[in-house]
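Along the sequence shown, the residues carry numbers beginning at 1. Both counts, for ligands and for their atoms, begin at 1 and track the order of listing.
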Amino acid sequence: MAAESEPEGTIKINSPCINLEKLAHRTDYLPTLKTYTNPLQHNPFFLPSGGFHVTPTDIVLRHIVYDISSSSSSPSPHLAYLRAGPRKQIFFDPTDSTRAAIVNCGGLCPGLNTVIRELVVGLWDLYGLRHIYGIQAGYRGFYSTDMAPLQLNPKMVHGWHKTGGTLLQTSRGGFHLQNIVDAIQCYGFNQVYIIGGDGSMHGAVKIFDEIRRRKLNVGVVGIPKTVDNDVGIINRSFGFQTTVEMAQEAINAAHVEAESAVNGIGLVKLMGRSTGYIALHATLSFMQH
Ligand SMILES: Nc1ncnc2c1ncn2[C@@H]1O[C@H](COP(=O)(O)OP(=O)(O)OP(=O)(O)O)[C@@H](O)[C@H]1O
Ligand SMILES: O=P(O)(O)OC[C@H]1O[C@](O)(CO)[C@@H](O)[C@@H]1O
């Protein structure tokens, strides 16, 4: 595969075998966007070793298992995605005016507070950001007059990973595209991190489309949240493991009851939507007969 980088972040692939999924980027409509050296290079607590940085030619294949004798199970060209991870050059000035917003929407999932905390600590300590805001109660928190964004810093989120639920609160509904993008513009946010399920991600795409239409210098990041672990292109969704552990406790309790009764049967109903990974993993790891 021959690949040629244009500005950092965009890439031209010359391979009939790889079909790289196009990722919308601000350079599509802001071609002269300035780049900056990633501050991780100079962080005294973080020394990136060789091969640490992800380059524009790093990809992830959609399918990793193929039968090369069968044309039907070997899609051609192979679908691939750009790999996420730290780049040597970044498109935000970390020391200056960059303002980040974090929002979570939809239902609860174990680990939400941990993800928010890690984002805040990572942005603050590793990238040097000093303007990080938590949007309260989902999408409506961008524009609701009674819920101003919360200014976050590592001290404030110190113990958040020990608390369940989400300390930013969450909600469904309230997706008003123009109000949300107006608020992003008004608060001067340049980075918007959206933690949510499929509904939230549909919203994230619409938000980026509107940001592109207005030609704003704002990056939108979708962080998939599903307790069901039903997103095929990631290894494991956060919260899934905790859910499996809790499910095992329920199975264990039902098992004890069933064994203590004559002809006893324990029945445990688990969530998991159409995939059943929670039931599968909890049952396999319990393995009592
Ligand atoms: N198609 C869509 N376009 C824009 N916004 C959407 C869309 N679907 C849902 N949303 C918005 O995204 C937010 C979360 O959606 P939803 O309640 O469906 O949860 P979710 O993100 O799918 O998470 P969960 O898996 O927990 O249900 C809501 O504010 C909702 O209004
Ligand atoms: O509220 P609904 O549409 O019944 O969704 C329930 C589903 O939501 C989840 O709790 C989380 O996606 C699934 O495990 C469950 O099947």
Handout entry: N or O contact, R273 vs ligand 1, cut-off under 3.5 Å
Key = no
Handout entry: Close side-chain approach of V181 to R214, heavy-atom, < 4.5 Å
Key = yes
Practice task
Look at ligand 1 and say whether D198 reaches it with a heavy atom at a distance under 4.0 Å.
Solution key: yes
Practice task
Using the six-membered ring of F92, assess whether NZ or CZ of R26 lies under 6.0 Å from its centre and within 45 degrees of the ring axis.
Solution key: yes
Problem - ligand 1 to G106 polar contact by distance, N or O atoms, under 3.5 Å - result: no
Handout entry: Donor on one side chain, acceptor on other, N104 and T166, under 3.5 Å
Key = yes
Practice task
Indicate yes or no: does an N/O atom of G107 lie under 3.5 Å from an N/O atom of ligand 1?
Solution key: yes
Exercise for the section: Indicate yes or no: at least one non-hydrogen side-chain atom of S200 is less than 4.5 angstrom from one of Y139. Expected result: yes
Practice task
Return yes if a side-chain donor-acceptor contact under 3.5 Å exists between R236 and Q241, otherwise no.
Solution key: yes
Completion exercise
Looking only at non-hydrogen atoms, the one of G173, G138, G174 nearest atom 29 (O) of ligand 1 is G173
Problem - Sub-3.5 Å N/O-N/O distance, K225 and ligand 1 - result: yes
Practice task
Compute the ring centroids of H176 and F142, then answer whether they are less than 6.0 Å apart.
Solution key: no
Practice task
Consider every N or O of K206 and every N or O of ligand 1, then say whether any pair is closer than 3.5 Å.
Solution key: yes
